[in-house]
Amino acid sequence: MTSLAEQLKRLALPQNDPSLLDRSEVASLLFNCKEAATIDRDTFFAIGCTGLEELMGIDPSFEEFQSSLFSSTSKGLERSVQTKAVNQQLNKNISLFLIHLSPYFMLKPAQKCLEWLIHRFHIHLYNQDSLIGCVLPYHETNLFVRVIQLLDIKSPTHKWHWMDPIRKPGVPLARGTVITHCYKDLDFMDFICRLVAKSVKVFSECPSNSAQLRVLLVFYASTIVSALGAAEKITDTMVSLLLPYIQKGLKSSVQDYRAATYMIICQMTVKVTVETSLVHSLMVQISKTLFKVPSLIRDGLAFYMNQIFPLCKIPNLTLLQGLSAGYDVSPLLRYLLPHLVHTIVKSDTGKLTQVLFKTWASLKDRYLKFLEEFISHGTEIESNPTKMAALNQKILPLIRLLERKYPKALDSVLEKHLEDCTDEADQNLFHQFISLSLSCGKYEFLEDSDTSLLLSLNHPQPAVRVLALQHLKDVIETSKEGFDQAFIEEAIFGRLKDDNRDVVMSALSSLEVGVCLLACEILPGLECVTGMYKVLEQAVKILVKEEILKEKKELLDEAVMQLLPFMIITNANSKSSDWKMAVCLSESDLCSLHPLLKGWPEALEEAVKSTKSAELVGVANEKMILLLSGNLTSGDPSLLLQMVDDLILVAETESDSVRQKVTTHIIGSVLVQCCCNTQMKENYFPVAIRVFRFLDKKIKNLRTCESAEVRYYLLVNMKSTKCLLLTRDVCFLLVSEGVPVDPLCLNCNLYFLEESWWNPESLNQDSQDYLHLLLGLFDLLVSGASEGSNALQYRALMNLLFKVHLKDSEVLFKFLSILWTYGYNLSNHLNYEVSAMLQTQALYIGYALLESQTNQKKKQLLSPSSPVMVSLLINLGSPVSEVRRAALNCLHSLRGIKESLFHPVLQHLEQKTEEIISDPTYVAQIMETLFEELETQPKQKSQKKKLLEALENILDCVQNPVFPSYIARNLMKILHEIHGEMVLSHLLPALDRLLEKVFNKPEAMLKDEVILLHLILGKFNEYSATLLCKNQQSLDLFIKSLHAAKKIYEEIPPFQITALGQITKPFFAAVSDGMVQQKLLNVLFDLLLDCKNPLCAQTISSVFKGVSVCAEQIVRELELPEKTKSLATVQQTRRQKMQQQRKPQDAELAPETSHFSWQRVMLILELLQHKKKLRRPQALVPALFNLLSRCLEPMASEEENMEYTKQLILSCLLNICQKLSSDGSKVPADILDKEKFNVELIVQCIRISKMPQTHHHALLLLGAVAGMFPVSNTWNLCFAKCIQVYQTQFASLYSPQYFLHTFGKVAFFPKDKMVMFLVNFWRILWLDCMGVFASYFTAITCCRTRCLFYINIGSYKIFEVRIQGNILYPSHLISSHLIFNI
């Protein structure tokens, strides 16, 4: 288009738009353009007035437009011929109306009003900006696109051309597009701001209507804020554009408008640096208006940046505390605090001070620098003692609060101020300020040292530190004020760690509050100080002297565990500090307070008297081991486990000191000795497991060391612990390897456990702990025997383990079966992890043992009761190839037993060795191929029998509760591709057992059991479906699984979903018994009725849509109970009424109500809406009409959703008609008898219902029925009834034109039938409908000389009308067989 053409187009007036001159298409919001062209102005006016009346019922403010835009005079108003003043006033009214209409745009009444404005006033041409402003907040809806499609914005220079891309595809306008255009086109941003300002002004006149602005203001805030955030740079032009609207927003009384303005200010100030003057102006405005809307104080504070002083007048400053919890308010406080402090000092604002305390309590220490404001103010009033005293009294609570919350921050501020303070007056004021604090005493100068107490405590000279501690002791004794407890504790704690003995002794002498610290943290550090045994002696005396150890058992336990290393004899020299500390502790009262040390002073004294000096260390430690172990086992059983844990914690302390290494070995020996005590029964296994874990860790650390280092370690240990040779526990052998021990056993062995001990899921806690120990021992021994210089010793121990605990081959292989399979366990009952390495090692050990077994033993291991075969089978599906290889080796060693049932299986597996090693999933294919040969390939009878028995034995392992569920689960994975009745029938006992557990004890269901149950349900398929017809148990269990809706594990779907998924089209078709199919359908519909899980409902819908059902089966589900017979006489009626009065209220319900659910019927009808695979659908017709007749009964009309039920029935009937006759042609009587269609019921639906949707469905059905039975009298009945319905029902609801328009739209009759209907309709209502006919039909031919009108529809001549005088009447009617083409 040329430049001149563009200019001419811009100059063109809207009234010259070509679309106004073309009546074949008319712009419309509710109708398509061609359809709108057939509707007259009165109809559009009626539509608009109806919408306005409905809006007036919602919002009375629309009444003002009833006399202007929607008056009867507006029907004849043509704005193209009006004066400029009239058009300006009209535009003003339209703009105001669209502002009022915007909040209700998504409602149907608002759309009706827009339809009138578009048709009459052409607002899509004259008022484009106002129309877009009305609908812009809804830009993400399809209705917005419909409005944009009315606009002519194709020109690239058009203001709204950027919306043109959405017109053709009809997709909503994306929010990102709006935001991008907003910051790129400032005119559009200004348009949004002006629209909001104008709307706020309109609605502010009526405060009750402010809620109607919410949609627009949400759009305004989200768009402008997002645009500011998305813009790369906020320019001065953008800021200057927004400032006037920001000022309006801050001054506005509309709360939402002000909140949106706060958001815009925040985004703008975050994104760009604003000049100080502008910030000051904005904040002054905020501070002046903040208290007017209390609910927005929090939002205003969040954006507050500079002008603070007016804020101090706001009483609700506690909001600062809430803001600080979720946001960093430091920038705000950086400006706020000086003014608030000034306000506190200058005025009596005690309440404000308390508010500040609560606010500041949640902040960091950065605000403490403002304390200088108080000091600087003190210089002004120092000469006035009264004011100074008042100031001190006022700020005293604040200083105390700051000191309690942030003492270190206060110290740093004071130190910094002291460095800068040189003036004597300032120093005096500073000391006066310090005197206000709780800890003013630590800044007090000591006479002897000429420095403060705090500095004296940290003085480099020990003598000064001792003086400071003596002063602190006097303070404690006299309870002098100015010293807080935390400072005293910290001072003593610090000096107890001093490297000077005199200082430590002085600290101990002043110790009164630090006993807890002494016991927990100080004593372990005293070892590093030379000559500290006297300090230790003093510390222990203080500990014992204080009653706190007697009152707090936890503190006593901790003190004993910390002091235990000092009690161990590491040096026999009586003059050494180690010996003196050990003796000191043994003679203290600690041994009498704690049960673990009971009898130690006597034992040590006896060892000293009866032993030579050279042997004293070993004898003393031997006695300590026997004493501690005896005290542990003979003490309170409830305290045993806690003391064992405490001892292990001490032994695991990492240190290079000799004392700690000896302590570790002593504690290990004590724990091992406890495990050897046969009298300890209650806590034996928990203790043994703890001890084993401790020793296991130590042994693995030893294994990483050089062998020489290990031997040295063992040698040192053995010299000091001779009594350890008496132990009988294998755990000690692991520590002192190479030491001969006999016998090697725990306090029990596998022979005393349950018969099925190799199933960890069925064991009690003690048995599980015992297996845990055996697995750990095996793992440790195998790891040591496989590598390292000590492998021979580990192998000897391995042989000893087998000899004592696993001497029987059957027991041994059951134990190995646990090692082979426990790695697949998901529940971990034994609390032990079997790694792939250990699993592989156990398989190779098993292979070596199998090779050495006799054929008789191998035959026994291949028996159905043995877990060996199934354990090796499931390892063929392991993800680790080496595991599969080792398992195949084991299976190959068993292939020589031809009498075994598994011999064919073993032979087949041997042929596929390489494939199995390469692919972990291949074993499932092998099993499928092997057992498929039972049916497909001819084999000898004996071989088939053997294969069948092998499969049955494997399936029996799945259903047998003796086998663990994780083995059964993995067996099911191997048998994944094997299906059939036999497979499912063998799995029914397991299914029954697991479902029983699901319903009775769901919390006890293991994860392996849950997955196993899902896998068993997967066996219900088309191959096994016939079993449901033969075996009632299988059907009952499958139905039971359909009711298992509880989700036991979050990541695993309910069993119900898996069972529903098995009802596929092949499965349902394979169920040959129709009664079983009926039962399944009945269960599905019942589940849908009671279903609360959306996933279940969706699955049932998918299942029903997929299966092929017969209509007779649906009819049985829709059958209604028989209606109660009507009473023939008046006496019978009275008698029944009297009987009903005697019955309770519940008995008054009819049988239909008590045994029939309309909700269930409605759900079935909903499923039928999308059902395609339905055989003999015509069988549903009588049942549906029966339901329809019951829906029309007075009692049924009281039910909820009955109108919806009618629509579903009518829709189902229409779908059946379309299936029987897709092209609307005649249907043979042998397929569907016309008598089965009760047209009277359909017409009655139209008559009774007030729902247009019901009318729509009924008319569609009538049209379909008329096409299927063209020769019958159905048409005459349809015509007569529809006309009758119009006279009685539609005439009061709709105009004649609307009825004809709707009927002609939904009833797709043949043209001759439509003509007959219109003729009959005209015969009754011709005078009322002549205007309708004139607008409804496409052409009117007028002959003035004959005064005839020929009224046509399409190309068919209907009738002619003669005008004589003022009377309009039909000249003659043309019969249907005389219709001719014009």
- Message: side chain to side chain contact (heavy atoms under 4.5 Å, CB included) for F1085 and I1114? Distances and angles first, verdict last.
- Response: CA-CA 10 Å; F1085 296 147; I1114 305 298; 4.1 Å; yes
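- Two residues are said to be in side-chain contact when any heavy atoms from C-beta on lie closer than 4.5 Å; I1164 and L1088 fail this criterion.
- Of the inter-residue distances, the one linking H1170 atom NE2 with K1105 atom NZ reads 6.5 Å to the nearest 0.5 angstrom.
- Using a 4.5 Å cut-off on side-chain heavy atoms (C-beta onward), R1116 and L1081 make no contact.
- The neighbour count for Y1023 OH, taken as heavy atoms of other residues, nucleotides or ligands under 6.0 Å away, does not exceed 12.
- Residues F144 and Y138 come closest through the heavy atom pair CB-O, 3.1 Å.
- For the pair L1165/Y1204, no side-chain contact is recorded, criterion being any heavy-atom separation below 4.5 Å from C-beta on.
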- Task: Using the side chain to side chain contact (heavy atoms under 4.5 Å, CB included) rule, take F31 and T38 through it: C-alpha gap first, then chi angles, then the decisive distance, then the call.
- Result: CA-CA 10 Å; F31 308 97; T38 63; over 6 Å; no
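- Residues P1177 and I1216 approach most closely at O-CD1, 3.6 Å, considering heavy atoms.
- No donor-acceptor pair under 3.5 Å is formed between the side chain of Q1056 and the backbone N or O of H1043.
- Using modelled atom types, one side-chain atom of N1000 and one backbone atom of E996 make a donor-acceptor pair closer than 3.5 Å.
- With L1180 as the partner, the side chain to side chain contact (heavy atoms under 4.5 Å, CB included) test is satisfied by one option alone out of L1213, N1215, L1174: L1174.
- With sequence neighbours left out, the ring-ring contact (aromatic ring centres under 6.0 Å, His included) criterion links F1068 to no other residue.
- Taking 4.5 Å as the limit, every side-chain heavy atom of L1027 sits out of range of all side-chain heavy atoms of F1038.
- No side-chain heavy atom of C1029 sits less than 4.5 Å from a side-chain heavy atom of T1026.
- L1089 has its side chain out of reach of M1162: every pair of non-hydrogen atoms, C-beta onward, lies at least 4.5 Å apart.
- Looking at every heavy atom in both residues, N32 comes nearest to R146 through CA-NH2, 4.4 Å.
- In this structure Q1062 satisfies the side chain to side chain donor-acceptor pair (under 3.5 Å) test with no other residue, sequence neighbours excluded.
- Residues satisfying the ring-ring contact (aromatic ring centres under 6.0 Å, His included) criterion with H1014, sequence neighbours excluded, are F1055.
- Using a 4.5 Å heavy-atom cutoff, the side chains of V998 and V1010 are not in contact.
- Among residues at least two apart or in separate chains, salt bridge (Lys or Arg N to Asp or Glu O under 4.0 Å) pairs with a member in residues 1083-1102 are D1086-R1160.
- To the nearest 0.5 Å, the span separating OG1 on T50 from CH2 on W116 amounts to 12.0 Å.
- Every residue two or more places apart in sequence or in another chain was checked for a salt bridge (charged side-chain N to carboxylate O under 4.0 Å, His left out) with E115, and none qualifies.
- T1064 meets the side chain to side chain donor-acceptor pair (under 3.5 Å) test with no other residue; sequence neighbours excluded.
- Residues satisfying the salt bridge (charged side-chain N to carboxylate O under 4.0 Å, His left out) test with K112, not counting sequence neighbours, are E54.
- With sequence neighbours excluded, no residue forms a side chain to side chain donor-acceptor pair (under 3.5 Å) with E1050.
- Heavy atoms from other residues, nucleotides or ligands lying under 6.0 Å from NZ of K1219 number more than 12.
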- Worked check of side chain to side chain contact (heavy atoms under 4.5 Å, CB included) between R1247 and E1240: CA-CA 10 Å; R1247 180 185 300 114; E1240 177 63 33; 3.9 Å; yes
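- Here NZ of K1019 is found 13.0 Å from CG of L988. Values are rounded to the nearest 0.5 Å.
- Between the CG atom in L1087 and the CD1 atom in I1039 there is a gap of 9.5 Å [rounded to 0.5 Å].
- When all heavy atoms of C1191 and T1205 are compared, the closest pair comes out as SG-CG2, 3.9 Å.
- Looking at residues two or more places apart in sequence or on another chain, you find a side chain to side chain donor-acceptor pair (under 3.5 Å) between N1082 and E1117.
- Note that the CG atom of L995 and the OG atom of S1041 stand 6.0 Å from one another [nearest 0.5 Å].
- The shortest non-hydrogen separation linking L1261 to C1217 is CD1-SG, 4.0 Å.
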Output a table of donor-acceptor pairs, distance under 3.5 Å, between side-chain atoms of residues 1094-1104 and any protein atom two or more places apart or on a different chain; print 'none' if there are none.
{"from": "T1099", "atom 1": "OG1", "to": "L1095", "atom 2": "O", "distance (Å)": "2.6"}
{"from": "S1102", "atom 1": "OG", "to": "Q1098", "atom 2": "O", "distance (Å)": "3.0"}

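- Distance alone, capped at 3.5 Å, places no donor-acceptor pair between the K1046 side chain and the P1054 backbone.
- Counting only heavy atoms from C-beta outward, the side chains of L984 and N1031 never approach each other to under 4.5 Å.
- Annotation: the span from S1211 atom OG to L1184 atom CG amounts to 10.5 Å, rounded to 0.5 Å.
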- Message: Is there a side chain to side chain contact (heavy atoms under 4.5 Å, CB included) between L1214 and H1257? Walk through the geometry before answering.
- Response: CA-CA 8 Å; L1214 179 61; H1257 284 286; 5.6 Å; no
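- With Q1077 contributing its side chain and V1071 its backbone, the two residues share a donor-acceptor pair below 3.5 Å.
- For residues 1023-1035, every residue pair satisfying the salt bridge (Lys or Arg N to Asp or Glu O under 4.0 Å) rule, not counting sequence neighbours, is listed here: E981-K1030.
- The two residues I39 and E35 make their nearest non-hydrogen contact at CG1-O, 3.5 Å.
- Pairs passing the salt bridge (Lys or Arg N to Asp or Glu O under 4.0 Å) check and including a residue from residues 1065-1083, sequence neighbours excluded, do not occur.
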